[in-house]
Amino acid sequence: MNKPSAVQSVERPLTVEKAKAEERIETSSKSVKLIFSFIACSAFWLVFGTLVGEYLGFKFIWPEIDTISWLSFGRLRPVHTNVVFWGFLSQAMLALALYVVPRTSQRELFSYRVGWASLWLMNLSVILGVISLMAGINNGAQEYREFIWPIFSLFAFGLILVAYNLYKTIANRNVKEIYISNWYILAACLWTIILAAIAYLPGYQQDGISQTVIQGYYMHQGVGQWFTPMVLGLTYYFLPKLLNRPIYSYSLGVLAFWTQMVFYTMIGSHHFVFSPIPWWIQTVAIVFSVGMIVPVTAGTGNFLLTMRGKWRSIARSYSLPFILVGVIFYAIVSYQGTLEAFRSLNKTWHFTNFTIAHSHMSMYGFVSFLVWGGIYGLIPRMTGYEPPQFAVGAHFWLAFIGVLVYSIPLMIGGTLQGLSWIAGDPFMESVTLMAPYWVWRAVGGTMMFMSHLIFAYNVWKMRPQSNKNVDEPSNS
Amino acid sequence: MKLNFHKNHKLLFGVIFWGFVFLSLIIAVFPALWVQQENKPLPASEPMSEVERRGMKVFINEGCVYCHTQQVRPIAMDENWGRPSAPGDYARVNRPSVWRQTPAVLGSERTGPDLSNIGKRQPSAVWHYMHLYNPRSVVEESIMPSYPWLFKVAENPSKNAMVVSMPGDYGPSNGKIIATEKAKALVAYLKSLKQVSTDARPTAAQKAKADSVAAQAAKKEISGATIYADNCASCHQSDGKGVQGVFPPMVDDPVVMAKDPTKHIQVVLYGLQGKTIKGTAYQGAMQPFGKLLSDEEVAAVINHERTSWGNDAPTVTAEDVAKVRKNDELNKIQAEE
Ligand code: HEM
Ligand code: HEM
């Protein structure tokens, strides 16, 4: 049993030992509790939301898997998207923001009570939203604003509280300069508040076409002005911190920020290319989609240049590989998105599963990976408890290979769907040809889901424990 | 110092907030307001009835829009679905109550077929009920969910109940399937989805596109098998065996096999309902295809039926079809039947 193996020896262990988290950082126990609660809720919603996603994926292969109204595809699909948006990612990002903003402002969080209130409001909103969607009550099936307004306003109110809390913390900062992370983070909160208001107010979206104009704007700003700036802001903190070197170019970050704000806002209607909304809006959207090359190149270039020559530290860390993958996916999906917006390519890819691949490469490969990098980078240093390194490695590889197995087949299948339509084949052909690609999606999805169970386990392992003695070495 | 973004948080976040408000107004709110004011229902369209509105609500609540678009793009590949969608097509879609917003019927994914014109393509209520109860009963390879909760099973349905008979083992082992009010409303809504002619002038871009569409359509070769798959197979099935008791088989059908094709052409042009064939009464309705298909296309699909699945009947030409089309007598007879 203990005979040393030729392949696997002390010098060549199965996994390379990664560096331990550095010394524990001094944070008040109040802040540890609040931040960890956000993370714990977020981990729960990740497991729940992707269990639903996994089940949805199975339905493409076995449409008769159940015939219960509450579990039917049309009702569960918005449960999946809204839970991963508002339950998992939003709360994980806010957890990290509640650390980064006070830390870079050298100030305690303005109010913990307000912080807790926002956590409760957001979770209440997601719980009620899930129940109502499964019961068949939705807000006109408008993607990502499927919660009816009484339910979504709980979330929006939570967000207003967060924005207020962060703003006050920044306003009372103990340093002169406002660090670039805080630009991104607070801007994301402010933009999303405006966005939610525009999405839900009446008066200018009463008929099918005006609704579509707002929908294009909303669904793109949801990803573009909430998730994107939020994780970019967090990365502007965690990447230099974990690498222990300053960001390559501060002013490149500033340039990316302003171009992001102006260009991204204009491109929503590229979701409705060739639709009957005014042609000029579509053209504006396409032009600015090309313009997006500026902030994206500035952002990813900045991150990659910060990492240059530090590949060994990245390989030795268990959080930085997540950040590296996230940054690379940010570049890939954004250039991919620009291509999708061109009329010539949109024709082939629009309405197909190519879009689903794009959504997951972006929301998963880009946003989720950056969030995980931040969580593994921060929480052990706050609580003093590290997750088992093997488990972090398993999370990383299952999630990474999983998302590739998920999205590459869907890109191929989606392209074939489009070509089949262009060729004028009978419609059903585009359904039957997808069968093998949907099986691949289920395989990739299963790997992703397993990685989320491991992530939840790791979160549990990193939990703060009151009997922890600060000087004790960590328990791994 | 005061005008420094890096140091003055009021300035920085003020610009971020109001800048975004400004951009949002010009790219979203004002355009939306403007199209809303400009947009009028097409003159040829009818207001939605009460029951159709309820049906649209079921359509939205069940999330059908996640797989079905109602958006025909002005490009050649979308021609099968109808004419390019116009803003006026959606002018009657509006906010149902204070609790919910205007539904997003345009859709963003086409896992299933576009529904802009489904009322014309599939006017048979019977087909819709069967399809909703279990899509695989009429389209074998479908991956659409079944909606059994829109139906009830009763031992002795009352006289005016909408009874749906399912073929083979698709139905329950005992009792009859009855469509609920929700199913009826949903089917009424689906049947109401018909494109009407646009009086409005097409936009320049659409016009340019429409021209190239027409040019391409002229070039497009006509395939009877494809026309059959797109228009006929959902009822008569791709193997030509039909659906027992509802849609008759094409294999060995007396009309299909007849030497004289007049009757065959007539059925395709003008539709048929409630016919007894070889002792079986078929309850499904067949729609007229005369307005949807050209003479060449009708001939192609008829020839496909006459020569597939072991059928071996004389074929027809576009001229034969044109002859039947021109003969008003034949049209009248059909209408009376
Ligand atoms: C186990 C992992 C996951 C699986 C198996 C999965 C599966 C699915 C499925 C089957 C759909 C519906 C596709 C369709 O309608 O054709 C979907 C949609 C979607 N999912 Fe996931 N998902 C997973 C994880 C995630 C995560 C973590 C996120 C976000 C962080 C996410 C974001 C989305 C979005 C945005 C859509 C809508 C896409 C669109 O409309 O274009 N998914 N997912
Ligand atoms: C330069 C940047 C980007 C451009 C130009 C772009 C472009 C596009 C386009 C054109 C579509 C619609 C595809 C279609 O329906 O045919 C789309 C869908 C989508 N994009 Fe992007 N994208 C970009 C970056 C991102 C990023 C960073 C994210 C996530 C944070 C993201 C998330 C999504 C999602 C979730 C969808 C699916 C929404 C839906 O149609 O249901 N995109 N994108």
Side-chain angles (χ1 to χ4, degrees), chain A residues 60 63-64 67 69 72-75 77-78 136-143 148 167 170-171 176-178 183 186-187 190-191 194 198 204-215 217 261-262 265-266 268 271 274-279 281 347 351 355 421-422 424 426-428 431-432, chain B residues 6-7 9 12-13 16-17 19-21 23-24 27-29 31-33 35-36 39 60-66 69 71 73-75 77 80 85-87 89-91 93-95 99-106 108-110 113 139 141 143-146 148-149 203 205 220 226 229-230:
Chain A
F60 284 81
E64 291 287 327
T67 50
S69 60
S72 74
F73 182 86
R75 297 196 192 179
R77 191 189 194 272
I137 300 166
N138 67 42
N139 187 33
Q142 309 179 84
E143 274 182 272
I148 53 172
Y167 179 75
I170 294 172
K176 276 219 178 92
E177 300 233 334
I178 309 165
W183 294 36
L186 188 53
L190 297 175
W191 290 336
I194 300 167
I198 291 181
Y204 44 81
Q205 42 176 336
Q206 301 291 83
D207 75 335
I209 281 298
S210 50
Q211 183 275 339
T212 307
V213 172
I214 299 295
Q215 178 63 19
Y217 161 82
M261 166 166 158
V262 176
T265 310
M266 312 306 272
H271 292 263
F274 290 124
S275 79
I277 68 171
W279 202 259
I281 302 186
K347 202 171 95 168
F351 293 153
T355 315
W421 294 339
I422 290 175
F427 180 80
M428 277 312 286
V431 179
T432 47
Chain B
H6 299 269
K7 297 188 176 146
H9 56 266
L12 175 65
F13 294 112
I16 286 172
F17 186 88
F20 187 69
V21 169
L23 292 171
S24 301
I27 196 63
V29 177
L33 202 55
V35 293
Q36 177 173 305
N39 197 10
I60 292 300
N61 290 358
E62 296 299 347
C64 310
V65 294
Y66 296 111
T69 50
Q71 189 190 147
R73 297 168 294 173
I75 48 182
M77 64 193 278
N80 302 347
S85 298
D89 290 335
Y90 311 94
V93 176
N94 45 34
R95 190 171 185 138
W99 303 107
R100 296 154 193 251
Q101 289 181 294
T102 311
V105 293
L106 275 79
S108 61
E109 212 185 328
R110 203 175 267 168
V139 184
E141 286 159 325
I143 58 157
M144 174 170 147
S146 305
W149 59 93
T203 64
K220 200 168 138 184
T226 304
D230 283 337

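Just so it is clear: chains get the letters A, B, ... in the order the sequence lines come, proteins before strands, and each one is counted from 1. None of the values given here were measured: they were computed from a predicted structure.
- Here the side chain of Trp191(A) pairs a donor or acceptor atom with the backbone of Ile16(B) at under 3.5 angstrom.
- In this structure, chain B has heavy atoms under 4.5 Å from both the backbone and the side chain of Ser69(A).
- Considering every non-hydrogen atom in both Val35(B) and Pro278(A), the closest pair reads CG1-CG, 3.3 Å.
- Side-chain contact between Ser210(A) and Asn39(B) is absent, with no heavy atoms from C-beta onward closer than 4.5 Å.
- Gln205(A) places no side-chain N or O within donor-acceptor distance of the main-chain N or O of Ala32(B), the cut-off being under 3.5 Å.
- Across every non-hydrogen atom of Ala104(B) and Ala141(A), the tightest pair is CB-O, 3.7 Å.
- Considering every non-hydrogen atom in both Pro87(B) and Pro276(A), the closest pair reads CG-O, 3.5 Å.
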So Ile170(A) and Phe13(B), side chain to side chain contact (heavy atoms under 4.5 Å, CB included) or not? Walk me through it. CA-CA 11 Å; Ile170(A) 294 172; Phe13(B) 294 112; 4.1 Å; yes
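- Gln206(A) and Asn94(B) share no side-chain donor-acceptor pair at under 3.5 Å.
- Only the side chain of Thr69(B) comes within less than 4.5 Å of a heavy atom in chain A; its backbone stays farther off.
- If you take CD on Gln101(B) and CG on Asn139(A), they are separated by 4.5 Å, rounding to the nearest 0.5 Å.
- Contacts between Ile137(A) and chain B at a heavy-atom distance below 4.5 Å involve backbone atoms as well as side-chain atoms.
- Across Ile277(A), Leu190(A), Val213(A), Thr265(A), the residue that shares the most heavy-atom pairs under 4.5 angstrom with chain B is Thr265(A).
- Here the side chain of Asn80(B) pairs no donor or acceptor atom with the backbone of Gly424(A) at under 3.5 angstrom.
- Two residues are said to be in side-chain contact when any heavy atoms from C-beta on lie closer than 4.5 Å; Glu62(B) and Ser72(A) meet this criterion.
- Interface residue Met266(A): backbone and side-chain heavy atoms are both found under 4.5 Å from chain B.
- The CD1 atom of Ile209(A) sits 5.5 Å away from the CG atom of Leu106(B) when rounded to the nearest 0.5 Å.
- In this view, Glu64(A) and Thr67(A), Asn134(B), Arg136(B), Ser146(B) satisfy the side-chain contact (heavy atoms from CB on, under 4.5 Å) rule, not counting sequence neighbours.
- Under the 4.5 Å side-chain criterion, counting only non-hydrogen atoms from C-beta, Gln71(B) is not in contact with Phe274(A).
- Between chain A and the options Ile143(B), Leu33(B), Val65(B), heavy-atom pairs under 4.5 Å are most frequent for Ile143(B).
- When heavy atoms are compared at a cutoff of 4.5 Å, Ile178(A) approaches chain B by way of both its backbone and its side chain.
- Partners of Trp99(B) by side-chain contact (heavy atoms from CB on, under 4.5 Å), not counting sequence neighbours, listed by chain and number: Trp149(A), Pro150(A), Ser97(B).
- With a 4.5 Å cut-off on side-chain heavy atoms, Phe73(A) and Met144(B) do not count as touching.
- Defined by atom type and a distance below 3.5 Å, a donor-acceptor pair is missing between the side-chain atoms of Gln211(A) and Thr102(B).
- When side chains are defined from C-beta on, Ile194(A) counts as touching Phe17(B), because their heavy atoms get closer than 4.5 Å.
- Of the listed residues (Thr432(A), Leu186(A), Val431(A)), the one with the most heavy-atom contacts under 4.5 Å to chain B is Leu186(A).
- Looking only at heavy-atom pairs under 4.5 Å with chain B, the residue among Phe427(A), Trp421(A), Phe60(A), Tyr217(A) that has the most is Phe427(A).
- Each of Val105(B), Val29(B), Val21(B) has some count of heavy-atom pairs under 4.5 Å with chain A, and the biggest count is that of Val29(B).
- A pairwise comparison of heavy atoms in Ile214(A) and Ala28(B) identifies CD1-O, 3.8 Å as the closest pair.
- Across all their heavy atoms, Ile148(A) and Arg100(B) have their closest contact at CG2-CG, 4.3 Å.
- The closest side-chain heavy-atom distance from Glu109(B) to Glu143(A) is not below 4.5 Å.
- For a residue to count as touching a neighbouring chain, one of its non-hydrogen atoms must lie under 4.5 Å from one of that chain's; by this rule Pro113(B) touches chain A with backbone and side chain alike.
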